[in-house]
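Just so it is clear, the model here is predicted, and its values are computed rather than measured.
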Amino acid sequence: MHLTALGHAKAAPKVSLPLPEPGLTPGELIRRAVSLRPMLRDRQAEHEELGTYAPDLHDTFEQMGFYRITQPRMFGGYEFPPAVFFRTMVEVSRGDPGVGWCLTLAASHAFLIASHWPERAQAEFFGETGHFVAPHRALPLGTATPVPGGYRIEGRWNYSSGVPHATHFIGTAMLQRGGEPPESVLVVVPRGEFTIVKDWGGDEILGMRSSGSNTVVVEGAVIPTHHVVPFNAQFCRPEEMAEGTPGTRLHGNPMYLGRIMGLYHASLVSVIVGAAWAAIDEYEAIIGRFKVPTDPNTLRADHHDAQRVIGLALSRTDAAEAILLRTLDRYMELCERWAAEGTPISVEENLRLRAVLQQAGAMASDVVESLLRSAGAMTTKKGNRLQRYFRDVTMYRTHSSAQPEEFATFVGRAHLGRPIGMRGL
C-alpha cells in the first residue's frame, strides 16, 4: 500500500535485505506456533527456573520467523499487519504464557523502530542480516546527555521484559540539556553496552517467571544522535501525524504511522488470551479424569456444574480474542484512513484502543481465575499448570497499563473535551 494523503505517494522501497522465506504466509506462522505447544508445556518448569526461554528455543523462534513478523520488507522482514503478529503470539502463549510474554515483548518493537527512526538508524539496527530483538521499557528511568558525537546514556530500567535474547535495548530517558526543561526521548543501546541484572526467574516474583523481565543497567554508553528520537505522549498527538513518520515515508505502509497506545497493550493482552486458552485446555483434562466429589460414579465432565464452567470459559475467551483481533484491525483502519484522507488518529481514538483491550484482558483473566476455583484445591500445588497460569494472569492484573478503572477517566475526559491530565497530553 502506498500513501496518497498529503503528497506522500511514493514508489515501493527497494528490498535491501533478502527474506529468509519469501513464501511464508500468516497461516504458516500460526501453524508453527501451534506445533510448539506440547514442547512449551513440557518445559514450563525449566523456563521458569531460567527466567526466560532457553537458547535452543530462541533459535527455533528465529528460524520460524517470529522476530520478523512486523519488520519491514526493506530490512528482511515480512511486514505483516499487527493482527498476524498477535495471533501468532496467542498461540505461543497457549503453550506457555511466560515464554509468550518474553517473546512478544522482545519481538514486537521492530514495528516501533521501523515507524520512528530515520533510515540510517534503521539500517544500522537491522544490520546485515535483519535479525533484531529488543524490549522497550516505557517509563523514563534513565538520562540522555549531549556529548560530542551523540548522547551519553545512564539509567537502570527494571522489568525490561524480553531482554535476555535482545540485540538492542530501547529505553525511555529524559534528555538533559542545560537550562532547558527535560524532554522524554527513546534511546537504542546495542547489546554489549548494557548489563542484564540476574534478578528474574525462580521464585523471585509471583508469576510470569519465564518472561525475561530483568533489570537493564546502562552506565555511560555513548550512542549516535540519530539513535535517539522524541517520545511525546506515546505518539498520540494528532498534530504530529501531519507529515507522517520516517516509517511511512520510507516504507510506504501506513502501519508504520506507529501509534502505540493500543498496540502496546495488545502485547500484553495477546499473552493473557493465550493463558485463558491454556487454562481451558488444562481444566478440560482435569474434568475428563476426575469424578464429582459428591458422586464418585459421575465423571466431572458429565456433570452440569463443570459443563457450565467450561462453557462460560469458552465463550468469554472467544469474546476476549475477538476484541483483541478487532482492535488490531481497527488500528489498521485508522492508519489507512490517514493515508487515504489525511485524517489523523485523535487522542480519544488512541485511548479507546487501549481501553477496549483492557476489557479483553480483564475478561481473559477472569476466565483463568474461574477455572482455578472450579478445579479445586489440588490445582494450587507447586508445578500445577492451572496454578502457574493463575500466577501469570495475576501479574498482568498488577501491570500499570492494565487498570481499566483508572484509565477510563482519561478516555472520558478525551470524549468530553476536558483536559486529559495524562503525561504529555
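Remark: the backbone N or O of A166 is paired with a side-chain donor or acceptor of R191 at under 3.5 angstrom. Between the Q44 side chain and the G95 main chain, a donor and an acceptor come within less than 3.5 Å of each other. Using a distance-only test at 3.5 Å, with no hydrogens or angles considered, a donor-acceptor pair links the side chain of T167 to the main chain of V133. Although no hydrogens or angles enter the test, the distance criterion places a donor-acceptor pair under 3.5 Å between the side chain of R337 and the main chain of P344. Put simply, the side chain of T245 never gets that close to the backbone of M241: no donor and acceptor are under 3.5 Å apart. Checking side-chain atoms of D96 against main-chain N and O of R41 turns up no donor-acceptor pair under 3.5 Å.
Distance check: T88 OG1 to I69 CD1 gives 4.0 Å after rounding to the nearest 0.5 Å. With values rounded to the nearest 0.5 angstrom, S365 atom OG is found 10.0 Å from F390 atom CZ. Between T327 atom OG1 and Q359 atom CD the span is 10.5 Å, to the nearest 0.5 Å. One distance of note links CZ of R68 with NE2 of H131; it measures 8.0 Å at 0.5 Å rounding. The CG atom of L263 sits 10.0 Å away from atom CZ of F85, with the distance rounded to the nearest 0.5 Å. With rounding to the nearest 0.5 Å, the separation of CD in E48 from OG1 in T52 is 12.0 Å.
In this structure the side chain of M255 never reaches within 4.5 angstrom of the side chain of C335, judged on heavy atoms. Under the 4.5 Å side-chain criterion, counting only non-hydrogen atoms from C-beta, D366 is not in contact with R316. Residues E193 and V218 are not in side-chain contact: their nearest non-hydrogen atoms beyond the backbone lie 4.5 Å or more apart. Within the 4.5 Å cutoff, side-chain heavy atoms of P164 are placed close to those of N214.
Side-chain rings of Y53 and H165 approach one another, their centers coming within less than 6.0 Å. Side-chain rings of H58 and Y67 approach one another, their centers coming within less than 6.0 Å. Separation of the F132 and H109 ring centroids does not fall under the 6.0 Å cut-off.
Residue R413 qualifies as enclosed at atom CZ: its count of foreign heavy atoms under 6.0 Å is above 12. Heavy atoms from other residues, nucleotides or ligands lying under 6.0 Å from CZ of F410 number more than 12. A 6.0 Å sphere centred on CD of E180 holds more than 12 heavy atoms belonging to other residues, nucleotides or ligands. Around the NE2 atom of H415, the shell of radius 6.0 Å holds no more than 12 heavy atoms that belong to other residues, nucleotides or ligands. For E219, the CD atom is loosely surrounded, since the number of other residues' heavy atoms within 6.0 Å does not exceed 12.
With sequence neighbours left out, the side chain to side chain contact (heavy atoms under 4.5 Å, CB included) criterion links S213 to W101, S161, W200, S211. Scanning for side chain to side chain contact (heavy atoms under 4.5 Å, CB included) contacts around R120 gives E124, H226, with sequence neighbours left out. Residues that satisfy the side chain to side chain contact (heavy atoms under 4.5 Å, CB included) test with E49, not counting sequence neighbours, are absent from this structure. Taking S160 as the reference, R137, W157, V163, F169, V216 meet the side chain to side chain contact (heavy atoms under 4.5 Å, CB included) condition, with sequence neighbours excluded. Here R32 pairs with E21, E28 under the salt bridge (Lys or Arg N to Asp or Glu O under 4.0 Å) rule; sequence neighbours left out.
Between the side chains of T172 and H136, at least one donor N or O sits under 3.5 Å from an acceptor N or O. Side-chain N/O atoms of Y264 and S401 include no donor and acceptor closer than 3.5 Å.
Between R259 and E240, none of the side-chain N atoms (NZ, or NE/NH1/NH2) sits under 4.0 Å from a carboxylate O, so this pair counts as no salt bridge. One finds no salt bridge joining K382 and D203 here, because no Lys/Arg side-chain nitrogen approaches an Asp/Glu carboxylate oxygen to under 4.0 Å. With respect to the salt-bridge test (charged N to carboxylate O, under 4.0 angstrom), the residues R87 and E91 qualify. Ion pair R388/E282 not flagged as a salt bridge, since none of the NZ, NE, NH1 or NH2 atoms sits closer than 4.0 Å to an Asp/Glu carboxylate oxygen.
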Result block: side-chain N/O donor-acceptor pairs under 3.5 angstrom for residues 181-189, not counting sequence neighbours:
from : atom 1 : to   : atom 2 : distance (Å)
E183 : OE1    : R177 : NH2    : 2.9
S184 : OG     : F231 : O      : 3.4

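Checked against H251 for a side chain to side chain donor-acceptor pair (under 3.5 Å), the options R73, E79, Q122, E119 give a single hit: Q122. Under the ring-ring contact (aromatic ring centres under 6.0 Å, His included) rule, H265 has a single partner from F86, Y396, Y331, F407, which is Y396.
Between H116 and F235, the ring planes lie parallel to each other; the angle is under 30°, not in the 30° to 60° tilted range. Y78 and F80 have parallel rings, their planes meeting at less than 30° on a 0 to 90° scale where 60° marks the start of perpendicular.
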Next item on the list: For the pair I286 and L386, evaluate side-chain contact (heavy atoms from CB on, under 4.5 Å) and give the outcome as yes or no after the intermediate values.
Entry: CA-CA 10 Å; I286 290 170; L386 260 181; 3.8 Å; yes
Checklist line | Candidate pair Q358 and R354, rule side chain to side chain donor-acceptor pair (under 3.5 Å), full reasoning | finding: CA-CA 6 Å; Q358 289 176 333; R354 176 168 292 182; over 6 Å; no
Check: Given the rule in the side-chain contact (heavy atoms from CB on, under 4.5 Å) test, do V271 and M89 qualify, once you have shown the distances and angles that lead to the verdict?
Finding: CA-CA 7 Å; V271 175; M89 295 302 105; 5.6 Å; no
